[in-house]
Amino acid sequence: MPDPETRSDPTIRVRIAPSPTGPLHIGTARTALFNYLYAHHVGGTFVFRLEDTDVARSTTEFERDILEGLHWLGIEWDEGPEVAGEGDIGAYAPYRQMQRLPGYAAAAERLLEADLAYPCFCTPEQLEADRRAQEAAKLPPRYVGRCADLTAAERAAKLAEGLRPATRFRVRPGVVGWNDLIRDRIEIDTANLGGDFVIVRADGTPLYHFTVVVDDAAMEISHVIRGEDHVSNTPKHILLFEALGHPVPEFGHLPLILNPDGTKMSKRKSQTAVDDYRAQGFIREGLLNYLAYLGWHPGTEDDILAIEEIVARFDIDKVQKGGARFDRDRLEWLNGQWIRRLEPDDLVDRLRPFLERAAEAGQIDRLPSDDEVRALLPIVQERLPTLAAIVDLVGFLWVEDLDVDPGVLIPKRWDAATTRDGLAAAREVLVAHDGVTWEADELEPPLRALVEARGWKAGDLFMAIRVATTGRTATPPLFDTMVALGRDRTLARLDAAIGLLAAA
RNA sequence: GCCCCCAUCGUCUAGAGGCCUAGGACGCCACCCUUUCAAGGUGGAGAUCAGGGGUUCGAAUCCCCUUGGGGGCACCA
């Protein structure tokens, strides 16, 4: 089997074309990923294009969020834009639609001249009234064709009145079909397309269905791999490719990512922004692995695959047809798997921003050094489902005044007096250790001996010490934790707990 | 309302007519390990393959119908 990375097929070009009208959406990232996987598997080119013609809703900020999010995930493109202001990369530049306006204007002009499109003077009010009437009559909404057959004189008269027309594309009768890469043959009668559709607004700015086709044609896109929500739009696009005299690309429609209730994933019901996942401590390896398995499967029983392995095994024929619900539990599990696989120095680097943020938020009083964090790794790495979990897990190491709940301090089988007695006895044993012998395997034997001598259960004493020194009932191994805490603070916290029990 | 798509454990999925007494993973439960929590190990519950008709010697797999779910029908993308 040839190595996919060394194969190269210049005729295969795919693209991701998000619009900067919101932060990078998990669904966009998934579509980008599948395009990336397809391109890399077959040695094609992956193009990134920004569809920013909705000027009212597009912002530079969203643009930056999308670009940075994709970079963070490692879904790199071969051709496309860089962050606002920087130059585009690739032979088909520019890759922002607002910089490609002349191309759409020229294409629209060609369609107009060939009478494949026509000027439409209908007002928003008229169209709205049409829609309402159709709805009342329980008819599907469609353009009534009021301006389809205007004579040259009628058009001239409207223009003379100062009316600015939109441009409508003539939908020809017949059936349009294509062999979908994922769902085989699909055929749709153009009578169900809703009539002639607008390709250029009255203000002269082009609309999505038009720009996407003009650009896919201009950029020689060979395979359009996108979400299932575009299936119904595909006939419009095919019609446009034909009208423009350009060969029709292949289409593949990916299953949608669904909310837990099975509806199309939305901000309302799910967390959709990639940056939010990142902020919660999901790492790219986990997210990528999870996203790739949403609607695709290698066919083997491997659950944990790095991106290179996924590229090597990717096969668009094996992409699922039905939508996939987003399962956060599974994402967290996979994320934990990947955190466990990280090299120590790498993990320390990735943990740092989360610790800094906790310090800024006042969750911890002191920012630990990298060495300090690195020393902790053996006891925390396998306990982190996310990077952010580090604060909950061992944040007690970096706070000045520990908040201890007296109720939690007393083990289930013990009472307050026994607990006070136990902690005091433990303190006495621990005082015998200096800074040199303050090691996990030095601290454990004498405490076990104490338990033995007093007829206690190890678990009870250890739990009391655990809560006294960390404020929590669930922590990394106790003796390692006390070493991380240090002799002085361990003893001080034991004192404080004893005091707390005496007061109560 | 119209058009289109989809349908295997709660969830993600394996399955390309006999390998299926339907496999794996997440989650759940139990046990082991164990000072707690994780991790790891072992085992378990969990799917009459949406239902009904065909085709076939044989159907989760092919065909049809029904049902259910989803998506789309803008001078949004």
Side-chain angles (χ1 to χ4, degrees), chain A residues 17-22 51-54 56-58 120 122-124 127-128 131 134-135 137-143 164-168 180 183 186-189 191-195 197-203 205-209 211-212 227-235 253 255-256 258 260 262-264 290 293-304 317-318 320-334 336 340 379-385 393 444 447-448 451 457-463 465-467 470 472-479 481:
Chain A
S19 63
T21 54
E51 310 217 322
D52 53 358
T53 56
D54 184 351
R57 294 196 295 149
S58 297
C120 173
C122 294
T123 64
L127 296 172
E128 182 55 35
R131 230 186 324 269
Q134 286 158 345
E135 198 180 329
K138 296 219 181 277
L139 288 169
R142 99 190 311 268
Y143 177 59
R164 312 264 13 156
T167 304
R168 258 182 213 278
D180 198 275
R183 36 201 96 219
I186 299 179
E187 293 187 341
I188 295 176
D189 192 318
N192 299 309
L193 261 30
F197 57 92
V198 176
I199 54 175
V200 181
R201 291 184 180 90
D203 69 5
T205 56
L207 253 16
Y208 167 73
H209 292 306
T211 58
V212 75
E228 188 190 344
D229 46 349
H230 283 293
V231 168
S232 316
N233 294 329
T234 302
H253 291 92
L256 261 23
L258 275 18
T263 53
K264 182 180 177 181
Y290 178 72
Y293 273 66
L294 223 40
W296 176 83
H297 193 279
T300 61
E301 288 184 356
D302 301 296
D303 293 301
I304 298 157
D317 276 347
K318 301 205 71 161
Q320 207 78 16
K321 295 189 184 77
R325 292 167 207 242
F326 196 87
D327 181 356
R328 197 184 165 97
D329 282 340
R330 196 180 167 84
L331 204 214
E332 284 198 11
W333 171 75
L334 214 37
R340 264 163 247 151
I379 59 171
V380 301
Q381 189 159 8
E382 66 184 19
R383 279 169 242 266
L384 294 174
L393 223 209
E444 184 169 355
L447 285 173
R448 286 200 181 274
V451 161
K457 288 221 168 216
D460 293 332
L461 206 228
F462 292 174
M463 182 54 84
I465 297 174
R466 169 176 294 110
V467 176
T470 69
R472 318 184 49 110
T473 55
T475 69
L478 181 61
F479 305 104
T481 301

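Numbers restart at 1 for each chain; the letters A, B, ... are given by sequence-line order, proteins then strands. Keep in mind the model is a prediction, meaning the values are calculated, not measured.
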Donor-acceptor pair under 3.5 Å, [X] side chain vs [N] base:
{"X": "A:Arg57", "N": "B:A77", "value": "no"}
{"X": "A:Arg383", "N": "B:C37", "value": "yes"}
{"X": "A:Thr263", "N": "B:G70", "value": "no"}
{"X": "A:Arg466", "N": "B:U35", "value": "yes"}

What's the gap between [N] and [M] when it is taken at their [atom1] atoms, as a whole Å value?
{"N": "B:U42", "M": "B:C33", "atom1": "P", "answer": "15 Å"}
{"N": "B:A47", "M": "B:U11", "atom1": "C1'", "answer": "13 Å"}
{"N": "B:G68", "M": "B:A77", "atom1": "C1'", "answer": "30 Å"}
{"N": "B:C9", "M": "B:A14", "atom1": "C1'", "answer": "13 Å"}
{"N": "B:C3", "M": "B:G10", "atom1": "C1'", "answer": "32 Å"}
{"N": "B:U21", "M": "B:C49", "atom1": "P", "answer": "12 Å"}
{"N": "B:A59", "M": "B:A22", "atom1": "P", "answer": "15 Å"}
{"N": "B:G44", "M": "B:G23", "atom1": "P", "answer": "11 Å"}

Just how far, in rounded Å, is [atom2] of [N] from [atom1] of [X]?
{"X": "A:Tyr290", "N": "B:A25", "atom1": "OH", "atom2": "P", "answer": "17 Å"}
{"X": "A:Gln134", "N": "B:C2", "atom1": "CD", "atom2": "C1'", "answer": "11 Å"}
{"X": "A:Glu332", "N": "B:A39", "atom1": "CD", "atom2": "P", "answer": "11 Å"}
{"X": "A:Leu478", "N": "B:U35", "atom1": "CG", "atom2": "P", "answer": "11 Å"}
{"X": "A:His253", "N": "B:C4", "atom1": "NE2", "atom2": "P", "answer": "15 Å"}

Hunt down the Watson-Crick or G-U wobble partner of [N], both distances under 3.5 Å, from any strand shown, or write none.
{"N": "B:C2", "answer": "B:G72"}
{"N": "B:A25", "answer": "B:U11"}
{"N": "B:A30", "answer": "B:U42"}

Residues A:Arg328, A:Glu332: salt bridge by 4.0 Å N-O rule: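 Salt bridge between A:Arg328 and A:Glu332, a charged N being under 4.0 Å from a carboxylate O: yes.
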
Would you say that more than 12 heavy atoms from the other residues, nucleotides or ligands in this model lie under 6.0 Å from the CD of A:Glu128, or not?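 Yes, enclosed.
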
Straight-line distance of A:Tyr208 OH to A:Ser19 OG, nearest 0.5 Å: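 One finds 9.5 Å between OH of A:Tyr208 and OG of A:Ser19.
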
Look up atom CE in A:Met463 and atom NZ in A:Lys457, then write down how far apart they are to the nearest 0.5 Å.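 One finds 14.0 Å between CE of A:Met463 and NZ of A:Lys457.
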
Quiz question: by atom type and distance under 3.5 Å, do the side chains of A:Thr470 and A:Arg466 form a donor-acceptor pair?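 Distance-only check fails for A:Thr470 and A:Arg466.
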
Considering only nitrogen or oxygen atoms on both sides, find all protein atoms under 3.5 Å from nucleotides 46-48 of chain B and state each distance.
none

Most 5' of A:Ala202 and A:Gly262 on RNA chain B, judged by nearest nucleotide: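 Its nucleotide being nearer the 5' end, the pick is A:Gly262.
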
Closer to the 5' end of RNA chain B via nearest nucleotide, is it A:Leu139 or A:His230?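 Nearer the 5' end of the strand: A:Leu139.
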
Out of [options], which has the shortest distance to the side chain of [X]?
{"X": "A:Asp303", "options": "B:A25, B:C75, B:A74", "answer": "B:A25"}
{"X": "A:Ile188", "options": "B:U35, B:C4, B:G72", "answer": "B:C4"}
{"X": "A:Leu256", "options": "B:C75, B:G71, B:G72", "answer": "B:G71"}

Check each of A:Ile199, A:Val212, A:Val198 against A:Leu207 using the side-chain contact (heavy atoms from CB on, under 4.5 Å) test, and report the only one that passes.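 The residue from A:Ile199, A:Val212, A:Val198 that satisfies side-chain contact (heavy atoms from CB on, under 4.5 Å) with A:Leu207 turns out to be A:Val198.
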
Need one value for A:Thr205: base, sugar-phosphate or nothing, where a base atom within 4.0 Å counts as base even if backbone is also close, heavy atoms only.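 No contact.
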
